Amino acid sequence: MSEATNDGFDTTVADRLAAEALIVDVDGFEGPLDLLLSLSRTQKVDLRKVSVLQLAKQYLAFVEQAKALRIELAADYLVMAAWLAFLKSRLLLPPDPTEEGPSGEDLAAHLAFQLERLQAMRDVAARLMARDQLGRDFFARGVTQQVERVRKVEYTATLLDLMQGYARIRTRDEFRPFVMDRDAVFTMEQALERMRGLIGFAGTWTDISSYMPDGWDTDPVKWRSATASTFAASLELAKEGKVELRQSDTFAPIELRRRDGR
Amino acid sequence: MSEVTQTDTEVEQSLFEAPPMGEQERMVEAILFATAEPVTVRELNDRMLHGADAAEALVHLRKRYEGRGVNVVKVGDAWAIRTAPDLGFLMQKETVETRKLSRAAIETLAIIAYHQPVTRAEIEEIRGVSVSRGTVDQLLEMEWIRFGRRRMTPGRPVTFVVTQDFLDHFGLESARDLPGLKELRAAGLLENRPPPGTLPQMGEGDVDAEEETEEGQSELFED
Amino acid sequence: MSEVTQTDTEVEQSLFEAPPMGEQERMVEAILFATAEPVTVRELNDRMLHGADAAEALVHLRKRYEGRGVNVVKVGDAWAIRTAPDLGFLMQKETVETRKLSRAAIETLAIIAYHQPVTRAEIEEIRGVSVSRGTVDQLLEMEWIRFGRRRMTPGRPVTFVVTQDFLDHFGLESARDLPGLKELRAAGLLENRPPPGTLPQMGEGDVDAEEETEEGQSELFED
């Protein structure tokens, strides 16, 4: 830098400063709308009275300048430039009745609305941040007492639960005799076994009741069980083809004899 | 309801008589003092004895603390005790360094507060630039904003609204008390005016701008 | 200390006049509220403006909070605001969970009630399964059973009996009032046979290891 000639130094510095200013500015802007808002401030009027035409010219001039300085502008800046160029032509030319779409004035009014709204949001954001804030201007309780949650489990049982519980245990005891009650049950297996041993002697028709086990006729419960199992065993033996069964009449005694020829 | 049931209820209630108002005031005072977070009237009633009227007790308590070193403040539908703002200077020791919010975050927050419920596309339309994920995430993380209802428009976009923490932080009783809200509305600046014809879409296009209008806002701001 | 220094101090103090006592009280109130630790008078004076008299402000403030929901209390040589002792219950939320006693516990309890005084070995013999320590401990803890006299048999085993609490809970005058087996049967509580297709389980009965044995047994009865 110090080696530069006086002339060269002057031009480069001016150029560079201008370029840097623009670069910094473009970087500092949050998009084309923000840039437009900044530009509109140079008009030093109420945003409602801003001249959109003038704003469009300013913006386009800015973009031209950026191009001249070979500053790369983001695509949305260029899109906005194209749209503003279109808006500018609409605002300058007398309205063409054959042309469709919104008028230049409508478009300009909306842009002005957008700028005003953005500015309004910035103003209230500033007002919001200027408010007293918790932890900075006013404070919450320093010591906090958490609500202690005491969980207490209470077990309950009703008298019915208790009695049913006891009944359950005692019933279990009563089931044990019931298991022994199997003595009062003459199973079909027992009957089959008994009859298989006896049918060898049954060459003639015999009442099946004569195959009933000994000593089972005194207790009616036992009697019933033995009758059922003896009858079932007879059917089983008939199915096996070992015996023949006959009954002369309904409720008449059922008779059995060994089947010959086997 | 049958008469029997009514009588039963009465009997039950008389068993737990509400303590006198002075006592209720003490209870509310103790609960609010004990907690840093705002407490809802409902929770106060739940924690106090049967038949307590926390809402009334709060009216008395608020009055009692007027002009004192600490005040009873309303935050949304909850209540809290906060030090008087003019005494903040005494509390430098207690000041918590808050992360400095970026300009984008502050603007986004303001837009959400004033336009809530508001979609991301609407925020982008207002700011003229796309909203970075990080900005929204930061505000969500600070619990200053939360998701609101989805918009019943194509794509069913999510909306954002501000939270009770936000109100608490900025000492607002409700979102209706936001500074300048009335003026903004009167000036039509909270309207979602659709761009005439075709405009260059800024940020992501918001397809549903027309249907949205203000109906969403009215839910929150008008009663 | 040199005279010069003293004069300097005086000048400095006169520049900042102490605020009126009411204001000092507000300050102390705010500091005590917002600070996590109890604060000493010295620290209060340091944080307030020059010439403040925190000690006096504390006297007033303490008086102001007398009988309120929170009180100004001295903690060691420092001061703090604390919930009034009689309102401590507000800081606790008791949730009572009612659970049904396990089947194992009910059966054990029933055996103790019907057979008291009874040893653990006897309970096990009657139930047909071993009695877990936890079950007996739970019943002891509930104060429904207690230790009775030791049996004068080898090993001098402890016995269990039911307590007055037990009788109160079940509305019994004495354990002798428990219905006998005949009455249980008459009440339909003793079934001779489990209904076909079901296990002989009454109530829902939580499944624990001990019950598995029972289920095994019941299978024996159904064929």
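Side chains included, hydrogens not; waters and symmetry mates left out as well; all remaining heavy atoms used. What you are looking at is a predicted structure, and each value in this text was computed from that prediction instead of being measured. In what follows, chains carry the letters A, B, and so on, assigned in the order in which the sequence lines appear, proteins first and then strands, with residues in each chain numbered from 1.
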**Complete:** Output for pair (E30(A) CD, S130(B) OG), nearest 0.5 Å, gives 9.5 Å

**Prompt:** Is there a side-chain contact between R127(B) and M121(A) (heavy atoms, below 4.5 Å)?
**Reply:** no

**Message:** Looking at R42(B), I want to see if its CZ is surrounded by more than 12 non-hydrogen atoms of other residues, nucleotides or ligands under 6.0 Å.
**Reply:** no

**Request:** Please list all pairs passing the salt bridge (Lys or Arg N to Asp or Glu O under 4.0 Å) test where one or both residues lie in residues 110-127 of chain A, with sequence neighbours left out.
**Result:** D34(A)-R122(A), R48(A)-E116(A), R117(A)-E125(B), R122(A)-E107(B)

**Asked** Can you tell me if CD on E173(B) sees more than 12 non-hydrogen neighbours from other groups inside 6.0 Å?
**Response** yes

**Item:** Under 4.5 Å from any heavy atom of chain A - which part of A80(B)
**Value:** neither

**Asked** Hey, what do you get for CG (L134(A)) to CZ (F170(B)), rounding to the nearest 0.5 Å?
**Response** 10.0 Å

**Asked** Between CZ of F138(A) and CG of L87(B), what distance do you get to the nearest 0.5 Å?
**Response** 13.0 Å

**Asked** Does a side-chain heavy-atom distance below 4.5 Å link V124(A) with L178(B)?
**Response** no

**Prompt:** Contact part of A84(B) toward chain A, heavy-atom cut-off under 4.5 Å: side chain, backbone, both or neither?
**Reply:** backbone

**Fill in**
When rounded to the nearest 0.5 Å, the distance separating NE2 of H169(B) from CG of D132(A) is 10.0 Å

**Request:** Identify the two heavy atoms, one from G128(B) and one from L33(A), that lie closest to each other, and give their separation to 0.1 Å.
**Result:** CA-CD2, 3.8 Å

**Student check: side-chain heavy atoms of F139(A) and I81(B) closer than 4.5 Å** = no

**Prompt:** Taking every heavy-atom pair that is under 4.5 Å apart, which of I106(B), V70(B), I126(B) has the most such pairs with chain A?
**Reply:** I126(B)

**Message:** Are R141(A) and F33(B) packed together at the side-chain level, in the sense that at least one heavy-atom pair is separated by less than 4.5 angstrom?
**Reply:** yes

